[in-house]
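Quick notes on the structure that follows.
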Amino acid sequence: MEAASASPFASTSPATGEALSAVDATPISSIDDVVRRAREAREAWAALSLETRIETVGAVKQRILARAEEIAKVVHEETGKPDVEALLGEVLASADVVSYWSEVLPEELEPVEADIDALSYPSKIGTIHREARGTLAVIMPWNFPFALPLRTIVPALMVGNAIVFKPSEITPRTGKLIVDLFADLLPEGLLALVQGGGEAGAKLCDADVDLVVFTGSPTTGRKVAHACAERLVPCALELGGKDAAIVLADADLERAASGIVWGGMMNAGQNCGAVERVYVEKSVAKAFVEKVIAHTKALRVGTDVGPLTTAAQRSVVERHVEAARSGGGQVLAGGEACDEPGAKLGYRPTVVTIEADANPLVADETFGPVVPIAEIADVEEGIRRANASRYGLTASVWTKDTVRGEAIAKRLRAGVVTVNNHSFTGAIPSAPWSGMGETGWGITGSPLALDTLTRPRFLLVDHNRAPREVWWYPYTDTLRKLALAFAAIRGGASSFGARIGAIFSVLSLMPKRMRELKSGRSASPRAELEKPAK
Ligand code: NAD
């Protein structure tokens with residue numbers, strides 16, 4: 001029997017403070033068996049046609065939509081996010097994910113014929129296939145506990161993988177709901193649930209999985225990468241962000257202010273792609289900040305902006321705002337914890353003007369409803385400061401000149417850049433979501449996500465009826481001369497005439513080489529092969 005340990009699971013709602021239902025932890029000692037059963041279930045699943053798998057998994061879309069209110073309620077109780085945010089960002093976004101992959105996978109998984117040079121490699125047909133990776137560990141955070149797991153689980157199952165899914169210990173009930181939605185659709189054990197905290201996640205990385213898909217903090221991401229390196233299995237890491245918005249003097253300030261307030265405060269700022277830094281051109285800074293303050297002060301805590309999901313997260317926000325205060329920042333709205341109906345662990349939506357980019361509020365991921373704003377002399381300063389971050393997830397540029405906006409966007413060090421918007425493209429299933437630096441290297445969304453969820457298999461069928469290939473044994477002087485002639489034809493010849501000469505050489509050497517191959521003997525003595533070319 002395993003020693004009893006303190007429950008890792010969140011037990012009260014950050015929205016109401018009321019007790020949440022109890023959750024059973026998966027015994028650590030059973031995780032290897034869970035993985036083994038998933039692997040066994042996969043064999044029959046992978047043997048089904050793609051169409052059957054798409055249809056089977058696709059049936060979950062109707063279940064998601066039919067149970068929309070129940071899903072939003074569970075997500076709201078566990079995370080505290082407003083019910084409407086759960087409906088838009090979790091329920092509808094997930095249904096879109098199912099539709100998208102059902103539609104694009106048949107074409108995306110079609111084998112592609114490789115372009116093979118018929119002169120060098122005669123009568124060969126090569127095709128590139130995408131095969132499922134195998135059995136995946138999917139380890140997820142709590143901030144979008146329904147949508148984030150599904151954006152991987154849905155395509156991963158459709159392409160033929162088995163999944164062992166570990167939701168965050170903060171949102172285990174939403175995790176269970178996801179697996180329940182697939183009940184009776186999938187073979188037993190194919191989509192397995194592991195409930196627990198870091199210990200369960202670590203055990204899963206050490207188990208017999210073929211890939212770990214991880215979303216979470218850089219600190220844990222490093223541990224996952226180490227564990228996967230030990231086993232030499234790949235991992236996809238989607239980690240934190242500290243996303244910048246650059247507001248140019250010609251921006252529509254009303255749209256920029258309200259878009260940035262939404263991008264910074266949505267999900268109480270607990271969004272890897274939230275606006276966490278704003279750089280605004282000096283000439284419009286005053287007018288812009290006034291608008292941001294007005295929009296922020298209009299937000300209703302508990303209705304528009306939910307609570308922080310955990311007390312630990314609220315402490316980080318408090319610490320960062322205090323650091324900004326003592327580092328010369330001006331808190332112009334909010335700046336304090338609160339306890340409002342619907343937001344037991346609330347923090348007032350906050351606007352801070354601060355110039356010190358090294359301050360923790362500007363340098364580190366805050367993950368809270370705080371928008372720090374700094375003035376810039378010009379766009380070059382904005383680009384430089386925006387790019388000076390160890391993270392690189394999303395960024396935005398706000399300007400009426402969209403051509404210029406696009407040119408600036410291309411200079412920003414971020415995986416997703418939006419002009420005149422921020423932070424919503426994670427909900428578009430055809431858009432790749434990825435980052436750089438300490439944001440990791442995972443890609444979800446778009447067919448590019450298939451590079452994670454599948455591996456290539458190159459399949460070559462040789463229709464060449466000749467007894468031997470030109471490059472097979474024996475190695476002879478003729479073969480050597482042929483190789484040099486090919487090098488000349490492919491660009492090594494010093495002149496056009498030399499190239500024509502090389503073509504004639506190939507034509508005359510080839511029959512000789514064929515005779516050598518037929519006889520299986522070199523037409524020339526070994527010493528000749530070793531002579532340097534003239
Ligand atoms: P976290 O790293 O604390 O936990 C993430 C998951 O890892 C949880 O399920 C946790 O139980 C598990 N875990 C903990 N220790 C582990 C270990 N040693 N081995 C394996 N798994 C382990 O992150 P969090 O607090 O849940 O999530 C917030 C973070 O996630 C933020 O940094 C945020 O930016 C990031 N995030 C990134 C994206 C993205 O797409 N880039 C999306 C959402 C959240």
Side-chain angles (χ1 to χ4, degrees), residues 7-10 23 25-26 28 31 78-79 81 89-90 93 137-152 164-172 174-175 193-207 209 212-228 230-231 235-243 266-274 276 308-316 364-368 389-394 414-416 423 425-427 431-445 449 452:
S7 167
F9 303 111
V23 179
T26 307
I28 300 293
I31 290 177
E78 284 200 318
T79 64
K81 75 176 70 184
E90 309 262 9
V138 174
I139 302 176
M140 290 286 135
W142 46 262
N143 61 330
F144 286 90
F146 191 75
L148 288 186
L150 282 170
R151 74 179 179 175
T152 291
V164 182
F165 164 44
K166 195 199 87 59
S168 165
E169 58 274 39
I170 312 297
T171 52
T174 309
L193 182 66
V194 162
Q195 292 281 33
E199 196 187 350
K203 174 65 199 172
L204 197 46
C205 294
D206 288 339
V209 292
V212 178
V213 180
F214 174 82
T215 303
S217 62
T219 306
T220 314
R222 280 193 180 85
K223 293 181 191 166
V224 170
H226 276 293
C228 290
E230 272 310 315
R231 293 191 51 245
C235 59
L237 303 180
E238 301 222 28
L239 312 175
K242 189 73 192 174
D243 301 351
M266 186 267 287
N267 211 25
Q270 300 166 120
N271 172 9
C272 51
E276 292 225 3
L308 276 308
T309 296
T310 66
Q313 195 52 52
R314 187 162 73 168
S315 302
V316 172
D364 301 336
E365 188 177 44
T366 303
F367 230 49
S389 169
R390 58 185 191 276
Y391 295 107
L393 183 50
T394 86
V416 176
S423 204
T425 67
W433 184 259
S434 70
M436 51 189 82
E438 289 196 19
T439 296
W441 55 78
I443 303 177
T444 40
T452 301

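Computation of the quantities below employed the complete heavy-atom set of this structure, encompassing side-chain atoms and omitting hydrogens, waters and symmetry-equivalent molecules. Read the numbers this way: they start at 1 and go in the same order the structure lists the ligands and their atoms.
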Answer yes if the side chains of T171 and T174 hold a donor-acceptor pair under 3.5 Å, and no otherwise. no
Pick, from G198, P218, S217, the option with the minimum heavy-atom distance to atom 17 (C) of ligand 1. G198
Using a 4.0 Å heavy-atom cut-off, which part of V224 comes near ligand 1: side chain, backbone, both, or neither? side chain
Selected option - heavy-atom contact closest to atom 30 (O) of ligand 1, from G216, P8, G240: G216
Looking at ligand 1, does P167 have a heavy atom less than 4.0 Å from it? yes
Could you find the nearest protein heavy atom to atom 8 (C) of ligand 1 and give me its residue, atom name and distance? M140 O, 3.3 Å
Taking only non-hydrogen atoms of R151 and a 4.0 Å limit, the atoms of ligand 1 in range are 40 (O)
Winner among G415, A137, C272 once heavy atoms are compared against atom 36 (N) of ligand 1: C272
Could you tell me which atoms of ligand 1, counted from 1 in the order shown, lie closer than 4.0 angstrom to a heavy atom of K223? 18 (N)
Within-shell test, E438 vs ligand 1, heavy atom, strictly < 4.0 Å: no
Minimum-distance protein heavy atom relative to atom 12 (C) of ligand 1: I139 CG2, 3.7 Å
Run the numbers for me: atoms of ligand 1, each under 4.0 Å from some heavy atom of T220, listed by number. 1 (P), 2 (O), 3 (O), 7 (O), 13 (N), 14 (C), 15 (N), 16 (C), 17 (C), 21 (N), 22 (C)
Return the closest protein heavy atom for atom 20 (C) of ligand 1 as residue, atom name and distance. G201 C, 3.2 Å
With heavy-atom distances below 4.0 Å as the criterion, list the atoms of ligand 1 near S168. 9 (O)
Any side-chain donor-acceptor pair under 3.5 Å between E238 and T439? no
closest protein heavy atom to atom 32 (O) of ligand 1 is E365 OE1, 2.6 Å
Contacting atoms of ligand 1, where contact means under 4.0 angstrom from a heavy atom of W433: 39 (C), 40 (O)
I need the contact type for L204 against ligand 1. Using non-hydrogen atoms and a strict under-4.0 Å cut-off, is it side chain, backbone, both or neither? neither
With heavy-atom distances below 4.0 Å as the criterion, list the atoms of ligand 1 near N143. 43 (C), 44 (C)
Quick test: of every protein heavy atom, which one is nearest to atom 28 (C) of ligand 1, and how far off is it to 0.1 Å? F367 CE2, 3.9 Å
Under 4.0 Å from any heavy atom of L148, which atoms of ligand 1 are there? 42 (C), 43 (C)
Out of G442, G196, A202, whose heavy atom is nearest to atom 19 (N) of ligand 1? A202
Heavy atoms only: which of P141, G426, P172, G241 lies closest to atom 27 (O) of ligand 1? P141
Close approach, F214 and ligand 1, non-hydrogen under 4.0 angstrom: yes
Just need the protein heavy atom nearest to atom 25 (O) of ligand 1, so name the residue and atom and give the distance. W142 NE1, 3.1 Å
Note: E365-K242 ion pair, threshold 4.0 Å (strictly below): no
Identify, for atom 37 (C) of ligand 1, the protein heavy atom at the shortest distance, and state residue, atom and that distance. L239 O, 3.0 Å
Could you check whether any heavy atom of G197 sits closer than 4.0 Å to an atom of ligand 1, since that is the contact criterion I want to use? yes
So, for P145 and K81, which heavy atoms are closest and what is the spacing to 0.1 Å? CD-NZ, 4.3 Å
When T26 is tested against each of L193, V194, V164 for side chain to side chain contact (heavy atoms under 4.5 Å, CB included), which residue passes? V194
W142/F367 aromatic ring centres below 6.0 Å: yes
Using a 4.0 Å cutoff against the non-hydrogen atoms of T215, which atoms of ligand 1 qualify? 5 (C), 36 (N), 37 (C), 38 (C), 39 (C), 42 (C), 43 (C), 44 (C)
